[in-house]
Amino acid sequence: WRSNMAEETTAGEHLEFLRERHVCFFERCLKILPERYCSLETSRLTIAFFALSGLDMLSALHLVDKTSIIEWIYSLQVLPTEDKSNLYRCGFRGSSHLGIPYNVSESHGTHHLYDSGHIAMTYTGLASLVILGDDLKRVNKEACLAGLRALQLEDGSFYAVPEGSENDMRFVYCATCICYMLNDWSGMNTKKAINYIRKSMSYDNGLAQGAGLESHGGSTFCAIASLCLMGKLNEVFSEKELNRIRRWCIMRQQNGFHGRPNKPVDTCYSFWVGATLQLLQIFQYTHFEKNRNYILSTQDRIVGGFAKWPDSHPDALHAYFGVCGLSLIGEAGVCKVHPALNMSIRAFQHLQHLHHTAETKELEQHSESVPDYT
């Protein structure tokens with residue numbers, strides 16, 4: 001019924017994208033949050049990522065104090081202690097909820113029984129640093145990769161934390177993004193991860209969170225985006241299989257997109273499924289106007305932001321993915337999104353520059369260390 005309602009209210013109407021309201025919404029997310037966000041305290045870094053990347057997508061990152069936020073993000077890095085006994089627990093934590101002494105990654109870590117990185121926080125932390133234009137020089141690469149390796153299971157999937165948690169396609173994607181951003185694939189066994197993705201293809205040709213589970217738009221994105229970042233998509237799936245995945249994805253459009261058959265449409269799937277279709281090179285065959293009208297029907301015209309459904313409260317996640325969904329269809333005033341890495345093309349180009357600079361420096365150091373016998 002929500003899908004029908006959105007279609008009825010927007011039929012023949014060109015809805016306005018209220019860019020300035022959304023800029024204000026993301027700015028507020030970095031300063032103050034409603035009481036209902038209290039339960040997300042341990043995931044504060046992810047909310048910051050949605051707000052920062054949202055502002056970047058709207059070319060409004062100049063409105064934030066980049067230096068202060070970069071320092072805050074580095075204070076959330078779980079660093080190795082002097083004896084490196086916690087190396088397998090390193091990465092980024094989601095907030096300062098444990099009361100660990102403030103340390104902007106300029107000294108050894110402090111031992112705490114319950115302190116560890118979280119795979120999603122490490123992904124969003126690194127992505128946020130890239131978006132803010134940081135050089136990543138204070139990222140303890142060795143520790144992040146060691147912590148990541150410790151999270152991988154024998155079947156190729158990943159836990160979120162060392163103590164154990166659910167393990168599924170979301171965390172395979174986070175691990176892939178971490179390795180890609182750090183430009184080092186030693187943080188995961190890619191062969192096992194690829195095998196996990198391969199086994200997660202369901203009978204209806206979508207991809208699930210794991211083998212034998214239900215196909216889902218979110219897990220299909222995580223699987224396809226991971227393979228694209230690894231450069232393995234066409235090795236893992238044949239063209240016939242890719243066409244079947246394309247068909248499953250394109251069937252998810254009603255007016256907006258839903259994540260599973262017979263489920264209501266939801267703003268965030270305009271990105272999850274839309275980006276997957278972009279990576280599979282058939283997004284151009286979707287109905288742009290219907291997609292745009294649905295996304296904008298969930299726009300809060302007073303406080304800004306997007307909700308998952310019309311006439312619902314906006315939140316940071318749906319606000320961000322609503323903007324990303326509009327980016328895919330070329331909305332004016334929205335930057336292009338990198339469909340696999342889930343950040344602006346501008347941020348992605350900065351990351352490429354960091355990789356190129358590091359590789360050039362490494363080559364120079366190697367050439368200097370080679371003896372000259374001439």
**Student:** Side chains of Thr298 and Thr267: do they bring a donor and an acceptor to under 3.5 Å?
**Tutor:** yes
**Student:** Which is it for Leu242 and Leu233 under the side chain to side chain contact (heavy atoms under 4.5 Å, CB included) test, yes or no, and what are the steps along the way?
**Tutor:** CA-CA 9 Å; Leu242 288 173; Leu233 181 64; 3.8 Å; yes
**Student:** Look at the side chain of Asp266 and the backbone N and O of Tyr269, then say whether any donor-acceptor pair between them is shorter than 3.5 Å.
**Tutor:**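 No; judged by distance alone, with no hydrogens or angles, the pair does not exist.
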**Student:** Does Arg21 come within less than 4.0 Å of Asp300, counting only side-chain N to carboxylate O?
**Tutor:** no
**Student:** Kindly indicate whether a cation-pi arrangement holds for Arg138 with Tyr74, taking the cut-offs as under 6.0 Å to the six-membered ring centre and within 45° of the axis.
**Tutor:** yes
**Student:** Verify the ring-centre separation between Phe17 and His22: is it less than 6.0 angstrom?
**Tutor:** yes
**Student:** Taking only Lys NZ, Arg NE, NH1 and NH2, and the carboxylate oxygens of Asp or Glu, determine whether Arg198 and Glu235 approach each other closer than 4.0 Å.
**Tutor:**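 Glu235 and Arg198: not salt-bridged.
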**Student:** Would you say the ring centroid of Phe271 lies under 6.0 angstrom from that of Phe221?
**Tutor:** yes
**Student:** Could you verify whether a donor N or O on one side chain and an acceptor N or O on the other, from Gln77 and Asn103, lie under 3.5 Å apart?
**Tutor:** no
**Student:** Please work out which of the three classes, parallel, tilted or perpendicular, describes the rings of Trp272 and Phe321, given edges at 30° and 60°.
**Tutor:** tilted
**Student:** Is a side-chain donor-acceptor pair under 3.5 Å present for Asn342 with Tyr320?
**Tutor:**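 Note: Tyr320 and Asn342 side chains meet the donor-acceptor criterion.
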**Student:** Of Leu45, Ile178, Leu151, which meets side-chain contact (heavy atoms from CB on, under 4.5 Å) against Thr122?
**Tutor:** Ile178
**Student:** So, Arg93 and Asp115, do they make that salt bridge, N to O below 4.0 Å?
**Tutor:**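 Yes, this pair counts.
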**Student:** Among all residues two or more places apart in sequence or in another chain, which pass the ring-ring contact (aromatic ring centres under 6.0 Å, His included) test with His338?
**Tutor:**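 So His338 forms a ring-ring contact (aromatic ring centres under 6.0 Å, His included) with Phe348.
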**Student:** For a side-chain hydrogen bond (donor to acceptor under 3.5 Å, both in side chains) with Trp248, tell me which candidate from Thr276, Asp204, Asn205 qualifies.
**Tutor:** Asp204
**Student:** So, taking the atom named CG in Leu326 and the one named CD in Gln299, what distance separates them when rounded to the nearest 0.5 Å?
**Tutor:**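 Answer rounded to 0.5 Å: 8.0 Å.
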**Student:** Do Glu142 and Lys84 meet the salt-bridge criterion of a basic N to acidic O distance under 4.0 Å?
**Tutor:**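 Salt bridge flag = yes for Glu142 with Lys84.
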**Student:** Run the salt bridge (charged side-chain N to carboxylate O under 4.0 Å, His left out) test against Arg246 and tell me which residues pass, sequence neighbours left out.
**Tutor:** Glu239
**Student:** For Tyr123 together with Tyr173, are the ring centres under 6.0 Å from each other?
**Tutor:**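 Yes, the ring centres sit under 6.0 Å apart.
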**Student:** Using the rule given for ring-ring contact (aromatic ring centres under 6.0 Å, His included), can you reason through Phe288 versus Phe283, listing the C-alpha separation, both sets of side-chain angles and the distance that settles it, and then say yes or no?
**Tutor:** CA-CA 9 Å; Phe288 282 26; Phe283 183 70; 5.2 Å; yes
**Student:** Counting N and O atoms only, with roles assigned by atom type, does the side chain of Ser327 sit under 3.5 Å from a partner on the main chain of Val337, one being a donor and the other an acceptor?
**Tutor:** yes
